[in-house]
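Note that the structure is predicted; figures quoted are calculated from it, not measured.
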Amino acid sequence: MNVSDMGTDLDRVLITEDQLNERLDQIAAEINVDYAGRNPLLLGVLKGAVYVVSDLSRRLNFSAQMEWMAVSSYGSGTKSSGVVRILKDLDCDVTGRDILIVEDIIDSGLTLSWLVSNLTNRGAKSVEIATLLRKPEAAKVEINPRYIGFDIPNEFVVGYGLDYAERYRNLPFVATLAEHVYGG
């Protein structure tokens with residue numbers, strides 16, 4: 001799939017497929033060093049992080065156990081509601097585990113702040129964050145990811161797992177969505 005397949009749905013490409021792959025290589029190299037000799041649990045946040053977790057995990061030089069949670073503060077809108085709901089909980093115990101939360105994007109940080117607190121309260125040994133995208137201008141709480149792919153402007157983006165109303169996730173790049181699609 002490419003930009004021309006989207007007609008006028010997209011405004012512009014922010015991050016190309018090549019840029020995504022290059023940055024994931026770099027992040028994986030850092031994780032390989034930082035977690036050498038440890039067995040971290042990669043925790044993907046559904047649905048958006050599926051692409052990031054999949055591609056990042058294949059770049060790691062250790063056997064990575066993966067777990068998934070679905071937590072949401074969006075609904076079908078374009079802005080975080082701030083109300084966190086667990087849609088799918090963990091299938092394993094995290095007591096005493098090193099957890100690496102893998103996110104597609106950090107907007108307000110409210111959902112992620114809640115998730116870090118939740119995992120800590122469940123007895124995780126450590127909780128770190130890797131995020132592909134971060135919107136510093138949208139932050140409502142302080143979140144300090146250990147690994148950041150790209151800082152982006154506070155615009156609504158789609159692609160590489162990010163969606164609008166469950167569409168556009170399968171784009172191999174990150175783009176801004178044209179305002180006429182979501183009503184700006």
Side-chain angles (χ1 to χ4, degrees), residues 1-32 42-60 64 66 68-82 87 100-112 115 128-184:
M1 179 174 286
N2 59 48
V3 175
S4 63
D5 294 329
M6 294 293 95
T8 62
D9 286 3
L10 304 179
D11 185 33
R12 70 187 188 287
V13 174
L14 285 181
I15 305 167
T16 67
E17 184 174 6
D18 288 342
Q19 290 171 314
L20 289 169
N21 284 319
E22 181 180 333
R23 188 63 186 122
L24 285 170
D25 287 343
Q26 294 165 351
I27 291 170
E30 292 176 44
I31 291 170
N32 284 328
L42 300 183
L43 174 56
V45 181
L46 295 171
K47 298 177 187 173
V50 168
Y51 290 86
V52 183
V53 173
S54 297
D55 289 347
L56 182 64
S57 68
R58 287 191 296 257
R59 290 168 162 86
L60 299 176
M66 288 180 243
W68 301 94
M69 278 186 86
V71 284
S72 177
S73 66
Y74 276 90
S76 62
T78 61
K79 300 227 186 289
S80 175
S81 69
L87 306 175
L100 180 58
I101 299 170
V102 180
E103 267 282 27
D104 52 349
I105 191 166
I106 299 174
D107 278 313
S108 69
L110 294 170
T111 302
L112 198 50
L115 183 56
E128 297 288 351
I129 301 162
T131 186
L132 181 65
L133 305 173
R134 178 177 67 169
K135 294 182 182 179
E137 296 170 21
K140 293 184 179 175
V141 295
E142 187 174 334
I143 296 287
N144 296 306
R146 188 164 182 169
Y147 312 98
I148 301 167
F150 301 91
D151 280 335
I152 63 170
N154 191 15
E155 299 178 75
F156 194 76
V157 293
V158 295
Y160 202 71
L162 298 152
D163 74 300
Y164 172 68
E166 296 299 325
R167 297 181 58 215
Y168 309 104
R169 286 190 199 278
N170 62 322
L171 296 173
F173 49 81
V174 175
T176 56
L177 192 61
E179 285 188 25
H180 73 86
V181 176
Y182 64 92

Do Phe156 and Leu162 have side chains that get closer than 4.5 Å, going by heavy atoms? no
Evaluate Leu60 against Asn32 for side-chain contact (heavy atoms from CB on, under 4.5 Å), listing each step before the verdict. CA-CA 6 Å; Leu60 299 176; Asn32 284 328; 3.6 Å; yes
By salt bridge (Lys or Arg N to Asp or Glu O under 4.0 Å), which residues pair with Asp11, not counting sequence neighbours? none
Report the C-alpha distance between Val158 and Asp163 in whole Å, list the side-chain angles of each, state the deciding distance to 0.1 Å, and finish with yes or no for side-chain contact (heavy atoms from CB on, under 4.5 Å). CA-CA 5 Å; Val158 295; Asp163 74 300; 5.8 Å; no
Asp104 and Gly48 have their tightest heavy-atom pair at OD2-CA, 3.1 Å
If you look at every heavy atom in Asn154 and Ala138, which pair is closest and at what distance? OD1-CB, 3.5 Å
Do the side chains of Ile152 and Ile105 get nearer than 4.5 Å, heavy atoms only? yes
Ala178: side-chain contact (heavy atoms from CB on, under 4.5 Å) partners, not counting sequence neighbours: His180, Val181
Determine, step by step, whether Leu112 and Val141 satisfy the side-chain contact (heavy atoms from CB on, under 4.5 Å) criterion, reporting the C-alpha distance in whole Å, the side-chain angles of both residues, the deciding distance to 0.1 Å, and the verdict. CA-CA 9 Å; Leu112 198 50; Val141 295; over 6 Å; no
When you compare the side chain of Val53 with that of Trp68, does any pair of heavy atoms fall below 4.5 Å? yes
Counting N and O atoms only, with roles assigned by atom type, does the side chain of Lys135 sit under 3.5 Å from a partner on the main chain of Ser108, one being a donor and the other an acceptor? no
Could you list the residues that satisfy ring-ring contact (aromatic ring centres under 6.0 Å, His included) with Tyr51, not counting sequence neighbours? Tyr160
Taking all atoms of both residues into account, what is the closest heavy-atom pair of Leu42 and Ser57, and its distance? CD1-CB, 3.9 Å
Just jot down the side-chain contact (heavy atoms from CB on, under 4.5 Å) partners of Ala130, sequence neighbours excluded, or say none. Leu100, Tyr147
Quick one: list whatever passes side-chain hydrogen bond (donor to acceptor under 3.5 Å, both in side chains) with Arg59, sequence neighbours left out. Asn21, Asp25
NZ of Lys140 to OG1 of Thr111, rounded to nearest 0.5 Å, is 10.5 Å
Interatomic spacing from CG in Leu132 to CG in Leu56 - rounded to 0.5 Å: 9.5 Å
Could you list the residues that satisfy side-chain hydrogen bond (donor to acceptor under 3.5 Å, both in side chains) with Asn144, not counting sequence neighbours? Glu142
Contacts of type side-chain contact (heavy atoms from CB on, under 4.5 Å), residue Pro145, not counting sequence neighbours: Ile106, Ile129, Thr131, Arg134, Ile143, Ile148
Residue list, side-chain hydrogen bond (donor to acceptor under 3.5 Å, both in side chains) with Glu17, at least two apart or on another chain: none
Begin with the C-alpha distance, continue with both residues' side-chain angles, and end with the deciding distance and a verdict on side-chain contact (heavy atoms from CB on, under 4.5 Å) for Val157 and Ile15. CA-CA 10 Å; Val157 293; Ile15 305 167; over 6 Å; no
Gap separating the CG atom of Leu46 from the CG atom of Leu87, nearest 0.5 angstrom: 9.0 Å
Calculate, to the nearest 0.5 Å, the distance between atoms CZ and CG belonging to Phe173 and Asp18 respectively. 12.5 Å
side-chain hydrogen bond (donor to acceptor under 3.5 Å, both in side chains) against Thr16, all qualifying residues, sequence neighbours excluded: Gln19
Kindly write out the residues that satisfy salt bridge (Lys or Arg N to Asp or Glu O under 4.0 Å) with Glu22, not counting sequence neighbours, or none if the list is empty. none
With Glu137, which residues qualify under salt bridge (Lys or Arg N to Asp or Glu O under 4.0 Å), at least two apart? none
What's the separation between atom CD in Glu128 and atom CG in Leu43, rounded to the nearest 0.5 Å? 13.0 Å
Report the residues that fulfil salt bridge (Lys or Arg N to Asp or Glu O under 4.0 Å) with Glu166, sequence neighbours left out, ordered by chain and then residue number. Lys47, Arg169
